Amino acid sequence: MTAATDRARIFELVSLLLTYPDDELLGAGAELRGAAARIEAPVARERIDEFLDWLLNNPLIDVQQHFVQTFDLRRRSGLYLTYYLHGDTRKRGMALLVLKQRYRAHGLRLADGELPDLLPVVLEYAALVGPGEGEAPLRQHRQGIELLRAALTDCGTPYRLLLDVVCAVLPALTDADRAAIAALAVDGPPVETVGLDSLGDGPDLHAAALAPYPACSPSEASR
């Protein structure tokens, strides 16, 4: 497995690259390239470099539209990990609460309206706290991460490269993991729409409650 220090570098950089692309992010191209160059795992570094080629060589508006189309308008490729396993149920509400408490115990504060299961936040926590406790949420939500990776691969979006990197540095899937992921892919998450009220009513919560969308087509992914 990739060394802990290198995993932290990977999680930190991928966390940043999975955020909404704005002027500040694209303006930090040299810094992003430098952070990628410090990654020791060759396959991870190559995939991140390939993603950066796409990110930094396209107009900002095109990249922003692609991000929204990929992550915000299709639930199948949403970045909210607890949805994949729990849907909008009471269990999801409890899972979000446990994540918030875990972050609070290690001094990680969420931005206003930000849900704790947002993948960039989970990755930031893993980079900050490290193996064991820090990477536990990634392991616990591996099924959701793999389903997101599959959806992004189906779309052909460059963001699939980042999920490939994350999955490559996590522990290898067991046969039981693969069976659970396959079953979840067929059955989908529960659909009970309760259990989130106590966590607030901000815009991110409404975004996470959109009706399901189909996977995007290759022609959509190229835009």
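Note that the structure is a prediction, hence the values are computed from the model and not measured. Computation of the quantities below employed the complete heavy-atom set of this structure, encompassing side-chain atoms and omitting hydrogens, waters and symmetry-equivalent molecules.
- With sequence neighbours excluded, no residue forms a side chain to side chain contact (heavy atoms under 4.5 Å, CB included) with A8.
- The backbone N or O of A151 lies less than 3.5 Å from no partner atom in the side chain of S77, so there is not a single donor-acceptor pair.
- Under a hydrophobic-cluster definition in which Ile, Leu, Val, Met, Phe, Trp and Tyr are linked whenever side-chain heavy atoms come within less than 4.5 Å, directly or via other members, V68 and L18 are assigned to the same cluster.
- Considering only residues two or more places apart in sequence or on other chains, E133 meets the salt bridge (Lys or Arg N to Asp or Glu O under 4.0 Å) condition with R102.
- R142 places no side-chain N or O within donor-acceptor distance of the main-chain N or O of R139, the cut-off being under 3.5 Å.
- A chain of hydrophobic side-chain contacts below 4.5 Å, direct or via other Ile, Leu, Val, Met, Phe, Trp or Tyr residues, connects L16 to L60.
- Sorted pairs that involve residues 19-29 and meet salt bridge (charged side-chain N to carboxylate O under 4.0 Å, His left out), not counting sequence neighbours, are lacking altogether.
- For F11, there are no ring-ring contact (aromatic ring centres under 6.0 Å, His included) partners two or more places apart in sequence or in a different chain.
- Expressed to the nearest 0.5 Å, how far CD of Q143 lies from CD of E146 amounts to 9.5 Å.
- In this structure, the side chains of L115 and V121 stay at 4.5 Å or more apart for every pair of heavy atoms.
- Applying the side-chain hydrogen bond (donor to acceptor under 3.5 Å, both in side chains) test to residues at least two apart or on different chains, none of the pairs has a partner in residues 12-21.
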Side-chain donor-acceptor distances from residues 169-180 under 3.5 Å, at least two apart:
from : atom 1 : to   : atom 2 : distance (Å)
T174 : OG1    : A176 : N      : 3.4
T174 : OG1    : D177 : N      : 3.0
T174 : OG1    : D177 : OD2    : 3.1
D177 : OD2    : T174 : N      : 2.9
R178 : NH1    : L173 : O      : 3.2

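- Note on V43 and L161: separate hydrophobic clusters, where clusters join Ile, Leu, Val, Met, Phe, Trp and Tyr whose side-chain heavy atoms are under 4.5 Å apart, directly or indirectly.
- In this structure, CG in D62 is found 12.5 Å from CG in N57, a value given to the nearest 0.5 Å.
- Shortest non-hydrogen contact noted between G144 and L81 is C-CD2, 4.5 Å.
- V98 and L85 are members of different hydrophobic clusters when ILVMFWY side chains are connected at heavy-atom separations under 4.5 Å.
- Separation of atoms CD (Q140) and CD (E135) is listed at 12.0 Å; rounding is to 0.5 Å.
- Looking only at side-chain heavy atoms (C-beta outward), L99 and P137 come within less than 4.5 Å of each other.
- With sequence neighbours left out, the side chain to side chain contact (heavy atoms under 4.5 Å, CB included) criterion links A44 to I10, I39, A41, V165.
- Note on residues 115-125: pairs passing salt bridge (charged side-chain N to carboxylate O under 4.0 Å, His left out), not counting sequence neighbours, are R92-D117.
- Residues satisfying the side chain to side chain contact (heavy atoms under 4.5 Å, CB included) criterion with E31, sequence neighbours excluded, are A28.
- For V122 against P116, the heavy-atom pair with the smallest separation is CG2-O, 3.6 Å.
- Side-chain contact between L119 and L138 is present, with heavy atoms from C-beta onward closer than 4.5 Å.
- A distance-only check finds a donor-acceptor pair linking the side chain of Y84 to the backbone of R76 [under 3.5 Å].
- Closest heavy-atom contact between L32 and L25: CD1-O, 3.6 Å.
- Atom NE2 of H141 is separated from atom NE2 of H86 by 6.0 Å, given to the nearest 0.5 angstrom.
- Remark: T5 pairs with R9 by the side chain to side chain contact (heavy atoms under 4.5 Å, CB included) rule, at least two apart or across chains.
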Check the pair Y159 / L17 against side chain to side chain contact (heavy atoms under 4.5 Å, CB included), numbers first and verdict last.
CA-CA 9 Å; Y159 282 99; L17 295 176; 5.9 Å; no

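- Here the CG atom belonging to L79 is positioned 11.0 Å from the CD1 atom belonging to I145, to the nearest 0.5 angstrom.
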Report the C-alpha separation of L110 and L118 in whole Å, then their side-chain angles, then the decisive distance to 0.1 Å, and conclude whether the side chain to side chain contact (heavy atoms under 4.5 Å, CB included) test is met.
CA-CA 10 Å; L110 298 174; L118 187 67; over 6 Å; no

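- Minimum heavy-atom separation, P21 to L55: CB-CD1, 4.4 Å.
- Residues L162 and I48 approach most closely at CD2-CG1, 4.4 Å, considering heavy atoms.
- Sorted by first and then second residue, the pairs that involve residues 41-60 and meet salt bridge (charged side-chain N to carboxylate O under 4.0 Å, His left out), not counting sequence neighbours, are R33-D53, R47-D164.
- Remark: Y125 engages Y103, H106 in a ring-ring contact (aromatic ring centres under 6.0 Å, His included) (not counting sequence neighbours).
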